[in-house]
Protein chains: 2
Amino acid sequence: MTPNRPTMNDVARTAGVSLKTVSRVVNGETTVAPELAARVHAAVESLDYRPHLGASMLRRNDRRTRTIGVLLDDVSHPFSAALHRAVEDQARAGGIHVLTGSLDRDPVREKALTAAFAERQTDGLILAPSGAELDPHEMPVVYVDRVPTGATGDTVVSTNVSGAAGAVRHLIAHGHRRIGFLGGDRHLSTARDRYAGYQRALGRRAGPAVHDLHDPTDAERAAVSMLRTADPPTALFTTQSMVTIGVVRALRRLGREHSVALVGFDDFPLADLLDPPVTVVAQDPARMGRTAATALFERIDGHDGPPREIRIPTTLIARGSGEL
Amino acid sequence: MTPNRPTMNDVARTAGVSLKTVSRVVNGETTVAPELAARVHAAVESLDYRPHLGASMLRRNDRRTRTIGVLLDDVSHPFSAALHRAVEDQARAGGIHVLTGSLDRDPVREKALTAAFAERQTDGLILAPSGAELDPHEMPVVYVDRVPTGATGDTVVSTNVSGAAGAVRHLIAHGHRRIGFLGGDRHLSTARDRYAGYQRALGRRAGPAVHDLHDPTDAERAAVSMLRTADPPTALFTTQSMVTIGVVRALRRLGREHSVALVGFDDFPLADLLDPPVTVVAQDPARMGRTAATALFERIDGHDGPPREIRIPTTLIARGSGEL
DNA sequence: CTACTGCGAGACAACGTTGTCCCTCCATTT
DNA sequence: AAATGGAGGGACAACGTTGTCTCGCAGTAG
């Protein structure tokens, strides 16, 4: 049996003061005589005492765990990972720590993880909503990337409609008239919004569209069959990086990478090193994460205004694949 | 003022039973009469009661928070992100949740975050050690990616020496005799081990070496100047993906990507789509994460054997850049 | 010299939960 | 009919900490 971790009581005993005095010293109250405080500090050092955050938060008035939850699609996806990192950095500035979870767009997981975080008394939540009904957890929530259905709260999203429309107009400006669309899961507001932008830019001239693509493999297959139709598009617009990468592979496989134009929504690492370099509508996941964290901390600190919907602008980065 | 979250006492009152009976039902004890249990469940539903994990863990005998900490270099780096995700998946199987933090190889951060996690009573820690002295936190720790200095514990690492040696031998087999080395921070065991592998493969014929590179920009600069020396290497070996990417940029900039061979340690997304496709010694971060998590959970469950050093094999993936 | 003030420090309760103990029933046994 | 036993459920303490209250004591004023 290893000895248990020391408690305030142990510190009090070795310092020869009362438990409460230790509490005062540890919490930096100034009403303790310097000599006693020194004895307490010495005891803390010698025992390697660490306060028990769970116990203190049980009794404290503010009830803060100084921990938030971050629930994203997949922490190993570059977009989610960048957003996660930005949230972490923002949190660290305030001494807040982060519980994470990957949802894989699974509403069941979303429910389970929000419940688990609620049991752990996280002070708030940053959530990429999967499109399911959400139960209220009496906890501040900021939604990122997507707009939730049937719930309200601060929301931080990219300018999806205008960003997508801009991408498509860019292709139009380079002479394309028949522009194919390859998009993600229509349960998610991002996919719908980006499709709306595509449609807005093209009006009745909208080209062939494939929806509900997730991974590069699906996307590659879809792109190949789209390009093998009778009247194939001369340009493609993709709504997320995994789809874009699949399409790059498809074009490469067909030897059409220099004859079919491509603009993808969401930037990805090494896009500029491909041949041709891939033109994208870049999102700013770091800024989204910072913004969401800031909004969440305001809510945690009691800010009580109406729900805000914050749009983070996107940037068209012309690298070559969209200028064919 | 929003009403506070309901407690077991509230549930007990609305169900008309004692607090302890609620506790029994919530914890799935079977000694409660079905009729009472049903009343309790109904009350739990109607109040949307959630147990307070902090309070229960304070009193419970096992003292588990069912939360572990994961401290990596940078959760937005592909290697760390993949490892993180694998740990999360393994943890989810056991109903464990994950606190994360990025260390940026900063010993101060490492100390601060391990202390913060200790205060939060995490059941254990998975840590990519930054090379600093570690204080013991009376908590099971599994080290990943690198071997810690001055501490012992289960360690999960890639076969760094043999992997690096294999990469260099691969270049030798393709006729290269003058092979340059571009490596990372020598405070870290990975950089040292990969350099050792490089040296082992080359013996006295070791070529020019640059160390302590971090990001693609530094690496690009270093590669350019190495290739502009009087007797430039005909092949390069890089020890981590950020460096590899920088070197790819350098070769591209010099127009030497088809004349200078390159093998990189650690695979990265889209390496196969570059021109030429990049030959790498692939690590298996997912397996490392799973292995580390499994080892940690064994330790948490009381396994008490001597420290284990688990080596996860690497795989040479020949794609073109190393076969010039 | 007494009464008051204020500050330092301890005693005690409380946070929400679970471990332990004990009491009450009712069914069985003799 | 009385004793026995087991199962269900409640009372109480405890986990490690902080909020509140109170007490003692020194210093000051009257």
Side-chain angles (χ1 to χ4, degrees), chain A residues 1 3-41 43-44 47-67 116 118-123 138, chain B residues 3-41 43-44 47-67 118-123 138:
Chain A
M1 278 285 259
N4 281 327
R5 284 174 48 158
T7 71
M8 273 194 176
N9 238 318
D10 302 321
V11 176
R13 211 172 311 117
T14 64
V17 298
S18 83
L19 188 162
K20 181 71 222 202
T21 299
V22 178
S23 168
R24 283 194 253 262
V25 173
V26 167
N27 289 286
E29 291 179 32
T30 54
T31 63
V32 179
E35 195 253 345
L36 281 198
R39 289 225 308 269
V40 170
H41 279 126
V44 164
L47 297 178
D48 193 31
Y49 166 78
R50 282 176 199 295
H52 187 304
L53 208 82
S56 84
M57 101 89 157
L58 192 58
R59 192 62 178 90
R60 276 196 135 88
N61 279 336
D62 67 1
R63 294 264 164 150
R64 298 280 172 79
T65 53
R66 307 190 72 68
T67 304
E119 289 187 8
R120 281 167 175 73
Q121 320 294 124
T122 53
D123 298 335
E138 325 221 346
Chain B
N4 280 328
R5 284 173 51 156
T7 72
M8 274 197 176
N9 239 319
D10 302 322
V11 177
R13 211 172 311 118
T14 65
V17 298
S18 84
L19 189 165
K20 181 72 221 202
T21 300
V22 177
S23 169
R24 284 195 253 260
V25 173
V26 168
N27 289 287
E29 293 179 29
T30 54
T31 62
V32 178
E35 195 253 345
L36 280 200
R39 289 224 307 270
V40 170
H41 279 125
V44 165
L47 296 179
D48 192 32
Y49 166 77
R50 284 177 199 295
H52 187 303
L53 208 82
S56 85
M57 100 88 155
L58 191 59
R59 191 62 178 90
R60 276 195 135 89
N61 279 337
D62 68 2
R63 295 264 165 149
R64 299 279 173 78
T65 53
R66 306 190 71 69
T67 305
E119 289 187 6
R120 281 169 176 73
Q121 319 294 125
T122 51
D123 299 333
E138 325 222 345

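A, B, ... follow the sequence lines: proteins, then strands. Residue 1 opens every chain.
- Heavy atoms of V32(A) sit under 4.0 angstrom from primed sugar atoms or phosphate atoms, though from no base atom.
- Using a 4.0 Å heavy-atom cutoff across all strands shown, L36(A) reaches sugar-phosphate atoms only and no base atom.
- Across R5(B) and P51(B), no two heavy atoms sit closer than the pair NH2-O, 4.3 Å.
- In this structure, OH of Y49(B) is placed 7 Å from C1' of dT17(C), rounded to the nearest angstrom.
- Summarising the geometry of N27(A) relative to R60(A), their closest heavy-atom pair is OD1-NH2, 3.1 Å, with the distance given to 0.1 Å.
- Among the heavy atoms of the strands lying under 4.0 Å from S56(B) are primed sugar atoms or P, OP1, OP2 only; no base atom is included.
- One atom, NE2 of H52(B), and another, C1' of dG16(C), lie 7 Å apart when rounded to the nearest Å.
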After noting the C-alpha distance and the side-chain angles of H52(A) and T7(A), does the key distance pass the side-chain contact (heavy atoms from CB on, under 4.5 Å) rule? CA-CA 8 Å; H52(A) 187 304; T7(A) 71; over 6 Å; no
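- As a whole-Å value, the separation of L53(A) CG from dC15(D) P is 19 Å.
- In this structure, the CG atom of D62(A) is 11 Å from the C1' atom of dT18(D), given to the nearest Å.
- Across all non-hydrogen atoms, the minimal contact from T31(B) to R24(B) is OG1-CD, 3.8 Å.
- Nucleic acid contact for N27(B): sugar-phosphate only, since backbone atoms but no base atoms lie under 4.0 Å from a heavy atom of the residue.
- Atom CZ of R63(A) and atom CG of D123(A) lie 12.0 Å apart (nearest 0.5 Å).
- In the interface, the side chain of R59(B) is paired with the base of dT18(C) through a donor and an acceptor atom under 3.5 Å apart.
- Under 3.5 Å, the side chains of R120(A) and T67(A) contain no donor-acceptor pair of N or O atoms.
- When the C1' atom of dG16(D) is taken as reference, atom CZ of R13(A) falls 13 Å away, rounded to whole Å.
- Taking 4.0 angstrom as the limit, S23(B) places none of its side-chain polar atoms (N or O) nearer than this to OP1 or OP2 of dT17(C).
- The structure places CZ of R64(A) at 13.0 Å from CG of L53(A), a figure rounded to the nearest 0.5 Å.
- In this entry the distance linking CG of L58(B) with P of dC15(C) reads 14 Å, nearest Å.
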What string of B, S and - do you get for nucleotides 21-28 of chain C, 5' to 3', when a contact is any protein heavy atom under 4.0 Å? --------
